[in-house]
Amino acid sequence: MLKLYNTLSRKKEIFNPLSDNTVKMYSCGPTVYNFAHIGNMRTYIFMDILRRTLKFCGYKLKGVMNVTDVGHLLSDSDDGEDKMEVAARKQQKSVKEIADTYAKAFFEDLEKLNIEKPEIIAYATEHIKEMIEYVKELQKAGYAYEISDGIYFDTSKFKDYGKLSGIDIENQLAGARVEVNDEKRNSIDFALWKKADPNHIMQWESPWGMGYPGWHIECSAMSRKYLGMPFDIHTGGVDHIPIHHENEIAQNEALTKNKSVNFWMHGEFMLVDNGKMSKSLNNTYTISDLKEKGYSAMDFRYFCLNTHYRKKLNFTFDSMNFAKTSYRRLKEQLLLHKNSKAVTDKKVIEEYKEKFKNAVEDDLNIPLALGILWTMLKEEKSKDIYDTAIYFDKVLGLNLDKEESEEKPQTTLPQEITELAEKRKKAKAEKNFALADSLRNEIENKGYSIIDKPGCYEIIKK
Ligand code: AMP
Ligand code: ZN
């Protein structure tokens with residue numbers, strides 16, 4: 001029995017699809033104005049684990065992910081410029097070039113991380129017609145009003161506003177920051193459609209003149225188009241709960257008058273060195289940055305899987321090193337099982353399968369599922385154990401059936417470092433450990449770590 005934590009009810013609930021055997025799921029996708037960082041990727045690994053678990057439980061999937069290539073302003077609450085346009089100006093490229101570059105990089109990262117692409121990928125700029133239609137419907141139903149810079153949603157008309165995050169609207173209004181737009185009826189009203197000034201690059205004709213959509217309307221319009229309402233599951237990162245998803249609910253339910261999404265699920269944030277990732281701190285790593293430093297995408301996936309998706313995950317290079325070593329050890333153990341001629345009692349295998357299933361069905365308890373895998377690998381070596389691990393990998397997606405060499409990142413090390421490492425290897429072979437240690441120090445001082453392995457070594461950029 002699959003149980004999932006629903007942000008809406010703040011508890012684990014038994015999951016059943018709303019109709020037939022196909023789960024309809026919408027995932028907030030990237031805003032393609034920059035390379036996605038490892039925090040973003042944590043959220044998509046969570047989405048992937050959820051998708052794989054649903055399939056493991058026998059369901060079919062209809063998943064939609066949007067790509068935001070218009071409408072996401074610098075502040076989530078409709079202030080500032082469009083992120084895409086700022087990037088285009090800074091990089092002296094067209095908005096289309098920016099979107100193409102970063103969308104391509106994003107999907108390449110998904111592939112490297114073994115994240116299955118949802119069945120439907122929906123670009124915001126290709127759904128302007130649907131968004132305009134949606135805003136018209138909201139206006140007709142009395143939830144939208146026009147002011148000089150756009151069409152806004154009147155949150156005071158939607159009595160359930162705040163139900164996802166549990167915010168108290170009265171308090172929110174009382175303590176609201178200084179109003180940036182005094183034409184708005186309520187400070188938390190949000191833009192559905194913005195009127196464009198002539199130098200705004202992206203603009204479309206609409207019943208309200210030339211303009212562009214708000215960020216939130218895109219997800220409502222595209223989820224309704226592809227999944228209908230209500231649908232089963234909506235995912236995103238926790239930062240989307242208070243504004244973006246609250247606004248989606250308002251837009252949806254102003255029209256449906258009923259629950260529009262059955263399960264809202266959110267992945268917790270990734271921190272770096274216990275703090276926020278930010279450009280100014282120079283700690284927004286990408287999957288390519290990690291590769292440069294000697295960690296494969298699978299090392300990172302393994303790192304993420306060790307923490308439950310609803311817990312904060314602190315990224316440090318120490319913990320990443322640990323994950324990398326554990327993942328390699330896992331592969332080594334698997335190889336030993338693969339090459340064994342022995343058999344394991346069917347009952348023992350069934351017990352592991354049962355435990356594994358219970359763990360993943362308990363709100364995707366992947367850390368526990370990994371623990372069960374490790375315990376199983378400690379059994380006497382057998383091909384049956386190997387086959388069971390590969391079966392578990394349908395959920396884990398750790399490429400457990402691939403040989404390690406297929407995973408190894410291709411890093412180019414400076415010649416000086418490889419020479420020092422070779423000298424150290426020779427010194428060790430000659431049992432000159434003092435020299436070997438001083439060579440290790442030299443390598444460390446030059447910014448690399450050397451890890452000894454049976455019969456060989458590996459060098460990692462620190
Ligand atoms: P964005 O492209 O900014 O819309 O973000 C894409 C996804 O990544 C969203 O679902 C965010 O909630 C999520 N996200 C952003 N920052 C982090 C982080 N530090 N850790 C985990 N998820 C994040
Ligand atoms: Zn969204």
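Atoms within each ligand, like the ligands themselves, are counted from 1 in listed order. These values consider heavy atoms only, across backbone and side chains, with no hydrogens, waters or symmetry-generated copies. Remember, predicted model here, so these are calculated numbers, not experimental data.
A donor-acceptor pair shorter than 3.5 Å can be found between the side chains of D154 and N186.
Salt bridge status for D289 with K293: absent, with no side-chain N to carboxylate O gap under 4.0 Å. The residues E85 and R89 are annotated as not salt-bridged, no charged nitrogen and carboxylate oxygen being separated by less than 4.0 angstrom. Salt bridge annotation for R224-E133: absent, with no cationic side-chain nitrogen under 4.0 angstrom from a carboxylate oxygen. Using a 4.0 Å cut-off between charged side-chain N and carboxylate O, D100 and K96 make a salt bridge.
Every N/O-N/O distance between P30 and ligand 1 stays at or above 3.5 Å. For T31, a nitrogen or oxygen atom sits less than 3.5 Å from a nitrogen or oxygen atom of ligand 1, counting backbone and side chain alike. Polar contact with ligand 1: present for N40 (N/O pair, distance under 3.5 Å). For G237, a nitrogen or oxygen atom sits less than 3.5 Å from a nitrogen or oxygen atom of ligand 1, counting backbone and side chain alike.
Judged purely by atom type and a 3.5 angstrom limit, H244 has no side-chain atom pairing as donor or acceptor with the backbone of W215. Looking only at distances, no side-chain donor or acceptor of D82 sits under 3.5 Å from a matching main-chain atom of V70.
Nearest protein neighbour of atom 7 (C) of ligand 1, counting heavy atoms only, is Y44 OH, 3.3 Å. The nearest heavy-atom contact from the protein to atom 20 (N) of ligand 1 is M270 N, 2.8 Å. At the top of the distance list for atom 9 (C) of ligand 1, counting protein heavy atoms only, stands H240 NE2, 3.4 Å.
When heavy-atom distances to ligand 1 are checked against a 4.0 Å cut-off, K276 has no atom that comes that close, whether in backbone or side chain. Of the heavy atoms in D239, only side-chain atoms (C-beta onward) come closer than 4.0 Å to ligand 1.
Nearest-residue assignment for atom 17 (C) of ligand 1 (options W215, F106, F269; heavy-atom criterion): F269. In this structure, of V238, T68, T43, the residue bringing a heavy atom nearest to atom 22 (N) of ligand 1 is T43.
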Exercise. Start with the C-alpha gap between K129 and K225, add the side-chain angles, then the distance that decides, and say whether side chain to side chain contact (heavy atoms under 4.5 Å, CB included) holds.
Key: CA-CA 11 Å; K129 192 169 69 60; K225 171 172 177 169; over 6 Å; no
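Listed by chain and residue number, the protein N/O/S atoms under 2.8 Å of the Zn ion (ligand 2) are C28 SG, C219 SG, H244 NE2, with waters left out.
Interface atoms of ligand 1 facing M277, defined by a heavy-atom separation under 4.0 Å, are 19 (N).
Looking only at side-chain heavy atoms (C-beta outward), R185 and K157 come within less than 4.5 Å of each other.
F263 pairs with exactly one of F15, F231, Y26 by the ring pair (Phe, Tyr, Trp, His ring centres under 6.0 Å) rule, that one being F15.
Counting heavy atoms of neighbouring residues, nucleotides and ligands inside a 6.0 Å radius, atom NZ of K357 does not exceed 12 of them.
The side chain to side chain donor-acceptor pair (under 3.5 Å) contacts involving residues 53-63 comprise K55-E116, where partners must be two or more places apart or lie in separate chains.
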